[in-house]
Amino acid sequence: MEGFDGPYLLWNSIDRKWKIDFPRIFSNAVKTDSSVFEGNQVLFIRPSEEKFESLKDENGIYEVDSDFGFGIQRTIDSLDLQAKYKHLKYEVVTERFIEINDCKNCPIKIDTDTVLYTTILTAPGKDIKVIKTVNSIGYLSAIDDFFDIK
């Protein structure tokens, strides 16, 4: 072995302890409690209160959280008011792990701590769309494009 080869001192967020080990990729084999999503979904990934507490000293976190909240609310208001969106379900997700079951490459599990302030669009048989841009004006144009809504 040369250079920076493992093992490393790693924090395991599932076991909640430090150990010396080789890095592992999160896989479907890992047993976790996760919310399961199917169908035409708009998922707004936001940190849990506990996670936000750990981020509150990050520069600009309050502005990002506020902008994302405004964008979510504007989008949800439009989804509720316009009949063309009746076939869509939406949810603001704060759980640590989620599972999507019926997309093109599903099932997949996602550790939401790796995609905070993200919007995920999913539909049966389609690749998921991950929107990492935070904006306060909403996400309707991306939703219209992904779900082919006119």
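In this chain, numbering begins with 1 at the start of the sequence shown.
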Please tell me if the side chains of Ile100 and Leu43 come closer than 4.5 Å, counting only heavy atoms from C-beta onward.
yes
First locate atom CG of Leu55, then atom CD of Glu50, and finally report the distance between them rounded to the nearest 0.5 Å.
11.0 Å
For the hydrophobic clusters of this structure (ILVMFWY residues joined by side-chain heavy atoms under 4.5 Å, transitively), does one cluster hold both Phe52 and Ile98?
no
Leu88/Ile149 under side-chain contact (heavy atoms from CB on, under 4.5 Å): CA gap, chis, key distance, verdict:
CA-CA 11 Å; Leu88 298 179; Ile149 297 172; 4.0 Å; yes
Residues pairing under side-chain hydrogen bond (donor to acceptor under 3.5 Å, both in side chains) where one sits in residues 75-84, two or more places apart or in two chains, turn out to be Gln73-Asp77, Asp80-Tyr90
Got a sec: does the CZ of Phe70 have more than 12 other heavy atoms crowding it under 6.0 Å?
no
For residues 54-63, which residue pairs pass the side-chain hydrogen bond (donor to acceptor under 3.5 Å, both in side chains) check, not counting sequence neighbours?
Glu53-Lys56
For residues Phe147 and Phe37: do they belong to one hydrophobic cluster (side chain heavy atoms under 4.5 Å, members Ile, Leu, Val, Met, Phe, Trp, Tyr)?
no
Which residue pairs pass the side-chain hydrogen bond (donor to acceptor under 3.5 Å, both in side chains) test when at least one of the two sits in residues 137-149, sequence neighbours left out?
Tyr85-Asp144
Looking at CG of Leu79 and CZ of Arg74, how far apart are the two atoms once the value is rounded to the nearest 0.5 Å?
14.0 Å
Identify whether Val134 and Ile61 are in the same connected component of the hydrophobic contact network (ILVMFWY, side-chain heavy atoms under 4.5 Å).
yes
Could you work out, with side-chain contact (heavy atoms from CB on, under 4.5 Å) as the rule, every residue matching Val92, not counting sequence neighbours?
Phe44, Arg46, Ile72, Ile76
May I ask you to test the Thr112-Glu95 pair for a side-chain heavy-atom distance under 4.5 Å?
no
Establish whether Ile143 and Phe68 are linked, either directly or via other cluster members, by ILVMFWY side-chain heavy-atom contacts under 4.5 Å.
yes
Indicate if Leu116 and Val42 have the same hydrophobic cluster label, given that clusters are the connected sets of ILVMFWY residues with side-chain heavy-atom separations under 4.5 angstrom.
yes
For residues 108-150, which residue pairs pass the disulfide bond (SG atoms under 2.5 Å apart) check, not counting sequence neighbours?
none
Indicate every side-chain donor-acceptor pair of residues 119-132 with a distance under 3.5 Å to a residue at least two apart or in another chain.
residue: Lys126; atom: NZ; partner: Phe146; partner atom: O; Å: 2.2
residue: Asp127; atom: OD1; partner: Asn105; partner atom: ND2; Å: 3.1

State the NZ-CD distance between Lys109 and Glu99, to the nearest 0.5 angstrom.
5.5 Å
